[in-house]
Amino acid sequence: RGSMTVGELAKLLHKDASEVIKKLIFLGVMATINQELDIETIQLVASEFKVEEVEVKIPVEEDDFETVEEKDEEESLETRAPVVTIMGHVDHGKTTLLDAIRSTNVTSGEAGGITQHIGAYQVEINQKKITFLDTPGHEAFTMMRARGAEVTDITIIVVAADDGVMPQTVEAINHAKAAKVPIIVAVNKIDKPDANPDTIKQELTKYELVPEEWGGDTIFVNVSAKQRTNLEELLEMILLVAEVNDYKANPNKRARGTVLEAELDKGKGPVARVLVQHGTLKIGDAFVAGNTFGRVRAMINDKGRRLKEADPSTPVEITGLTEVPQAGDPFMVFEDERKARAISERRSIKQRQSEMGANSRVTLDDLYKHI
Ligand code: GTP
Ligand code: MG
């Protein structure tokens, strides 16, 4: 599967094999009647014969990973680190808080590693890891969700105690609620003389975020990102929420995850920063990322360390891609590169088709049923 012979193609197009072979020669492909053609070539030939006005429907493949449900036996699941996003209004201190958490929690074993921007980072507290997506703000979150990627387990909403609940605070609350993820409120800038954390709590009750001491179930932590006050407490609260929700994944299978960021690096070529969500990603693994494919050549973590393997909730930067995927793209490992390539080709054709939309009316339908 994934191809058809010249003879089969000719039959489907109601043409002589010799006509198809002539077109192929015209396209620079030397082929015999029994030769297998790849999807790209099949499309080219089809369009040469002006079959492109027909709607091309590709049958949904069982292995098309966006349609595959994860079926894991309970006993195969292991606890994984929670994945946390920080959101909040402009200037309320998201970046400062992320930076403060990151720099206060470099364990001695990791000292000396050079911090890398890989779209997310991990900190360790009480021998437990927490993964933070390091693109603060709503854009990343909104875009990921728009693309169907659910990567966040917990949202921290930062509200500056000297400012109050602002439009983007409300937006953040709505995002978190829509994604059905638990919210922890970090009331920030409590070092400021005009800070008034209780006013914030009061305002947030309007959005059903009621602190425990007022009979609600929302965790509030007063912090100062600038002075690094109460950051440990905030991290402990994250671990508490994680423990209650018991986030798990099966590490013993092929990896699957989401592209957090990707770009073309001058030296390394296409690089993708990926959050592994299921299974374990290994050097040499063949994968599909969005419509692109590749084979993991090297992996580094947020401390600049080279990794051989990355288990669930680990963010890694990988090289070995053929092209640059998009943020929010699904990522999945397949048994070999051939398979990965075939899947990525299918995905790009599908995308082109949905972009062409209603304008495409070809019946290559038949054709693809046979590929
Ligand atoms: P955007 O990315 O623009 O949305 O802002 P942000 O939410 O990332 O805020 P950022 O971390 O850039 O902080 C904004 C300003 O508030 C900076 O000048 C910080 O130094 C200051 N700031 C952040 N946290 C605190 C804090 O705990 N106390 C005080 N006093 N200032 C803070
Ligand atoms: Mg910022």
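In each ligand, atom 1 is the first atom listed, and ligand 1 is the first ligand listed. Quick note: residue numbers are just sequence positions, from 1. This structure is a prediction, so every number in the text was calculated from the model and none was measured. FYI, side chains are in, hydrogens and waters are out, and symmetry mates aren't considered; it's all heavy atoms of this structure.
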Item to check | Reported CG-to-CG distance for the pair D162 and D91, which is rounded to 0.5 angstrom | outcome: 10.0 Å
Checklist entry - Hey, is D191 touching ligand 1 through its side chain, its backbone, both or neither, going by heavy atoms under 4.0 Å? => result side chain
Checklist entry - Is any N or O atom of A225, backbone or side chain, closer than 3.5 Å to an N or O atom of ligand 1? => result yes
Next on the checklist: Using a 4.0 Å cut-off to any heavy atom of T95, which atoms of ligand 1 qualify?
Outcome noted: 2 (O), 6 (P), 8 (O), 11 (O)
Next on the checklist: With a 3.5 Å distance limit and no angle check, can you tell me whether E48 reaches the backbone of K23 through a side-chain donor-acceptor pair?
Outcome noted: no
Checklist entry - Can you tell if the side chain of M87 reaches within under 4.5 Å of the side chain of Q168, non-hydrogen atoms only? => result no
Checklist entry - Is D329 salt-bridged to R347, cutoff N-O under 4.0 Å? => result no
Item to check | Numbered atoms and elements of ligand 1 in range of D91, under 4.0 angstrom, heavy atoms | outcome: 1 (P), 3 (O), 4 (O), 5 (O), 6 (P), 7 (O), 9 (O), 14 (C), 16 (O)
Checklist entry - Mind checking what makes ring-ring contact (aromatic ring centres under 6.0 Å, His included) contact with F220, not counting sequence neighbours? => result none
Next on the checklist: Considering both backbone and side-chain atoms of G93, is one of its nitrogen or oxygen atoms within less than 3.5 Å of a nitrogen or oxygen in ligand 1?
Outcome noted: yes
Next on the checklist: Using a 4.0 Å cutoff against the non-hydrogen atoms of H89, which atoms of ligand 1 qualify?
Outcome noted: 7 (O)
Item to check | Side-chain ion pair, K189 and D163, N-O less than 4.0 Å | outcome: no
Checklist entry - Just going by heavy-atom distances, which of K192, K189, K226, Q227 is nearest to atom 21 (C) of ligand 1? => result K189
Item to check | Contact flag T96/the Mg ion (ligand 2), N/O/S atoms, threshold under 2.8 Å | outcome: no
Checklist entry - Side chain, backbone, both or neither: which part of T96 has a heavy atom under 4.0 Å from ligand 1? => result both
Checklist entry - Counting only heavy atoms not in K268, do more than 12 sit closer than 6.0 Å to its NZ atom? => result yes
